[in-house]
Structures are given as C-alpha cells and as structure tokens.
Amino acid sequence: MPVFLYNTMSRSLEAFEPLHDKEVGLYSCGPTVYNYAHIGNLRTFLFEDLLKRTLLISGFKVNHVMNITDVGHLTGDGDEGEDKIEKMANQSHKSVWDIAQFYTDAFFRDYDDLHMIRPNVVCKATDHIQQMIDLIKRLEEKGHTYVSGGNVYFSIDSIPDYGKLARLDLDSLKTAVRDDVSSDDNKKNPKDFVLWFTKSKHGEQAMMWDSPWGKGFPGWHIECSAMSMHYLGESFDIHCGGIDAIPVHHTNEIAQSEAATGKPWVKYWMHGEFLLDETGKMSKSKGEFLTLDLLKRKGYDAMDYRYYCLGGHYRSQLKFSFEALDTARKARKNVQDRIQSLLREGAKKVPLTSEKALQYQATFLEHVQHDLGSPRGLADLWGVLKDEALDCDERYTLIMFFDQVFGLGFASVELPEREDFPSEALALLEKRLQAKKEKNWQLADRLRSELDAMGYRVKDTPTGSSLEKKM
RNA sequence: GGUGCCAUACCCAAGUGGUAAGGGAAAGGUCUGCAAAACCUUUAUACAUCGGUUCGAAUCCGAUUGGCACCUCCA
C-alpha cells in the first residue's frame, strides 16, 4: 500500500516514491528563534511529525533536517527591514546569541513535551554562513544576481519559471500591499529578493560576516537552500512548512536553488494549514499569546493539544478555542480510561493473527497513508476500543500500533496506584466506606462532598470504592 | 486587483460519485441507599443557496451568499 501525499507543486495527491528506494530526505522549515512559539507554530511542527511517523510506520527510513533561523529574518523588506532577533535583543538588553539560544531551548522543550521525534540534523543558520556564501557565488557566476545599493539581489527575471509553486501571476501581483511594508527602490523587479545584505538602515548589527560583497549578513531565504542541499543533496524528497511559506519563502528558495544547480530541487512540497483564533490568524502581538506553556498553566497536558490537532486534517484550517481543547482533553482521558481497564484485564502486546484485528490494522494504515488522515485514524482507534469482537490483547496491541503514528504516549498509560493520592484523602475514603457499611448515608454523602471539594471524585464499583482526580 | 481555501447535526470534525466516520455535549435506560463512574440506547431524508453533468453528487462543473488566509513579519 503506497503512501499518498498532497503535493503543493502539482496541487494533487501523489503516490509517494522517494528518489532513493526507501530512504527519505525530509527538510522542514524550523523556527525563527526570536520569541516563544505559539500553538499555531507548533501545529505545523506536529503535522511534520505526523508525516514523519507515517513514513516510518510505512517502512521508510527518514533523514529529517530542520533549520534554526537565528539570523537574517527581517521584520520588513529590503533595507527597511530589521532583523527579528536583533530587535528582540535590543529590547531586552541581551546579546543576539543569548536570545537565539534561549528561544531555541524553549522551542525544543515544547518539541519534546509534544512527543515530536527530534530531527536527525538541527542546523543553525549562523553555523552555515560559508555554505550560503558559496551558493550565492554560484548564482553570481551564472548571472542570476546583481548588486544594488550595497546589497546582493536575486533577479527573478533571470529564470523562466519563477513562482511555479504558488502559481503566481507576476503581472497582476501587487507589491507592498500591507501598510507596514514598503517597497525597496534598489530592486530592478519588485519581486527580486536579497541574498546578502551589507547595508541596513539599522546600522551595525551584532551578527555580521565577511563576504566577497562586503561585511554583512545573509537574506532569509538563502539559508534553507544552502543547508538543505548541504545535508540532503542538491535534490531531495520532501520539503514542508506552513502554508504561508508558499508564495514568498518557498518560491524564492526554489528560484535560487534550481538556478544554482540547474536541477529539480524538491520532489514533494507539503504545507500545513493555519490554526486560527477568534480574531483570525494567530499572532504573537495581538490578543492572548497562546503558548504551550500557557495551556499547561491552565491545566492542560501537551498531549491534549496533540490530540486536538490530530482531530483535524493538516490541510484544513482549525479554529482554536478552549471549548474545543476541552473536548480533546475529555476524549483523550476516555481513551486512557479504556486502556487502563484493558490493563486491569491483563492486556499485553501479542502478534496479531485474527482476521478482524488485521483488518483494523490495514484500515488504519490506509487512512493515515492517505495524505495523513489522522481524524480517520482516531475514529479507527475508537472502533478498536469499542469492538467486542476483539480480545483484550488484540485491542491493546492495536492501540500501541496506532500510537506509533499518534505519538500520544499511550504506552506509558499504567494502572493508577493508590499511593498517588494523599493519605488524608484515602483516610476519608476509608471512613466513607465504613459509613456506608453502617448505612450512615448522611455521613457518607458528607465525606463524598468533602473529597469533591479536595478535587477528588469518588467512584463506587461492585468491588469497592476508588478515587479519581478531577480535571 | 491577484491567488488559494472553507461552508456538514447543539459544538468540534472526517468524508477518496454509490447513498452521511469519530469525539464532545445532551436525553432516556441499566446499575446504585442516593449520586458519580461505567455500560446500553437515542440524536443530519440529507451536507450554505440556486442551477447543471450523471443511472446516481456532500463529493464534479457554474453562479450566488457568507467566512478565512496569502500577495516580501508570519507556521
């Protein structure tokens, strides 16, 4: 069963075939480390993790490279722009290196919390300045560049197919439509973009390097081209990122990469849709800055957010709300409760042999291999949890198999231990049991509400009473 | 102005031309001293509207209405 993926380049579903049999070169656009990631940023990384896990379970070997943008990502265009990290450093009176390190660390804490499998290579832009300079030199030799106003520009008119990924109609595009972006008069074509800056209105920066064009710093797009080719070769399989990267960032990456090598660069382009909030696109400046840390402070688990994201397809916009997150939390908890009751029955992993179990496995794979159909996969999970034709071991085994794709940590679900509860709560529970025996319902009910006030729910079963921490 | 996407039950949300997944919520029932939990059952003659193609459309085409994103900060 092949894996079908939606390729932005062809705007259609394609059977996935890597360039080199079962080895996949995967490059994902990493974070710009000037601030915390918000949960919308994280959704894109979760999509990429889902992609990687789906490829892994389908028998591919994945070589995953992700960049860290720690220089060159400007707040605006041309020499108007200010480096995002430099700006943050100035505001907080820290060095740019400290800022980059701080937010890189914060990013990977979220990454780990969300059970995302770390990339094989994480590369920082500032460690690959030489590769970028070399790439710009190649472009220069082939006549794709010009120097104007002190900066090196890529000339989009030097290639025949600029904008093919986004299907841009160059004649009808407006430039600088947004109020906060002004056009750059140094450009021959307003769509040209900077490869190397030596001039910035904001003057000397902390991050500057010598180059054949003078002391300066790289443009934003060049880092992904230089590093991806450095680690994955001049042609590789999959490049992914957020949907916003299509018209500019990825368009420019393709232009400069293919102009430099003369070869097709990336075989499959994949893009994750946005997570929206009530106001529309999620932002770091307006409204509540929704970080994973904030969700955790509000009492959610990182896995609640992961479950929430899996419930929607990666190519659909998802409108975030705490109500929706509550739903995901409840659903995930219900899954865990069911796993616990399987464990109570002594569930263990076994080889799957029954026709029914194998059918579930095949159906699940078909769903996730169909352009990462995680919502269908979750429905399959519920099917397994509820299907009494499966025995306890089969169900447990299937759940563990599915979780290789979900990454929801179901393998670490264990039976709750009584010791998890404070002794005073257990003492109250014991007293209530006694009161019940004596048919002292008043006392029993009072003890139950006391426990409730402490945050514990009493569950009476035929075999006795137990506690459960309320959410 | 250009480009792309979306409108499915109370809410979230899948749907790959063949007769509407799943979750949450709610209601009824079983159980219970009463609750809670658990378990069972129920909840879309139909997928924004109007046309068209087809034996057959939520799925394809066109128009209309409403919403969103992008067009050099952006995941």
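Just so we're clear, the structure is a prediction, and the values are computed from it rather than from any experiment. A, B, ... follow the sequence lines: proteins, then strands. Residue 1 opens every chain.
Minimum interatomic distance between A:Arg432 and A:Val458 (heavy atoms only, all atoms of both residues): NH1-CG1, 3.3 Å. Nearest heavy-atom pair across A:Arg11 and A:Tyr6 is CA-OH, 3.3 Å. Heavy-atom minimum distance, A:Pro375 versus A:His313: CG-N, 3.7 Å.
Between the side chain of A:Arg448 and the base of B:A35 there is at least one donor-acceptor pair of N/O atoms closer than 3.5 Å.
When the C1' atom is compared between B:A21 and B:A14, the two are found 6 Å apart, to the nearest whole Å. Taking the P atoms as reference points, B:A7 lies 12 Å from B:C12, given to the whole Å. For B:U8 and B:A46, the P atoms lie 15 Å apart once the distance is rounded to whole Å. With P as the reference atom, B:A57 and B:A37 are 44 Å apart, rounded to whole Å. Of the C1' atoms belonging to B:G23 and B:C60, the separation is 30 Å, rounded to the nearest Å. Across B:C10 and B:C5, the matching C1' atoms stand 26 Å from one another, rounded to whole Å. Between B:C31 and B:C68, the distance separating the two C1' atoms is 48 Å to the nearest Å.
A distance-only check finds no donor-acceptor pair linking the side chain of A:Tyr314 to the backbone of A:Leu50 [under 3.5 Å].
The side-chain contact (heavy atoms from CB on, under 4.5 Å) check on A:Gln369 picks up A:Met1, A:Val3, A:Thr54, A:Ser58, A:Leu365, with sequence neighbours excluded. Residues passing the ring-ring contact (aromatic ring centres under 6.0 Å, His included) test with A:His64: none are found, sequence neighbours excluded. Partners of A:His370 under the side-chain contact (heavy atoms from CB on, under 4.5 Å) rule, at least two apart in sequence or in another chain, are A:Leu13.
Counting non-hydrogen atoms under 4.0 angstrom, A:Leu276 reaches the backbone sugars and phosphates but no base. Residue-level contact check: A:Phe274 touches the bases, meaning some heavy atom is under 4.0 Å from a base atom.
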Exercise. Could you write nucleotides 14-27 of chain B as a row of B, S and -, 5' to 3', where a protein heavy atom under 4.0 Å of any base atom gives B, of only sugar-phosphate atoms gives S, and otherwise -?
Worked result: SSB----BSBSS--
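When each of A:Leu381, A:Val368, A:Leu372 is paired with A:Val405, the side chain to side chain contact (heavy atoms under 4.5 Å, CB included) condition holds for A:Val368 and for no other.
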Seminar exercise, completed: Note, RNA chain B 5' to 3' with Watson-Crick or G-U pairs under 3.5 Å encoded as ( ), [ ], | and . gives (((((((..(((.....[...)))((((((.......))))))....(((((..]....))))))))))))....
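Listed in residue order, the members of residues 110-119 of chain A having a heavy atom less than 4.0 Å from RNA chain B come to none.
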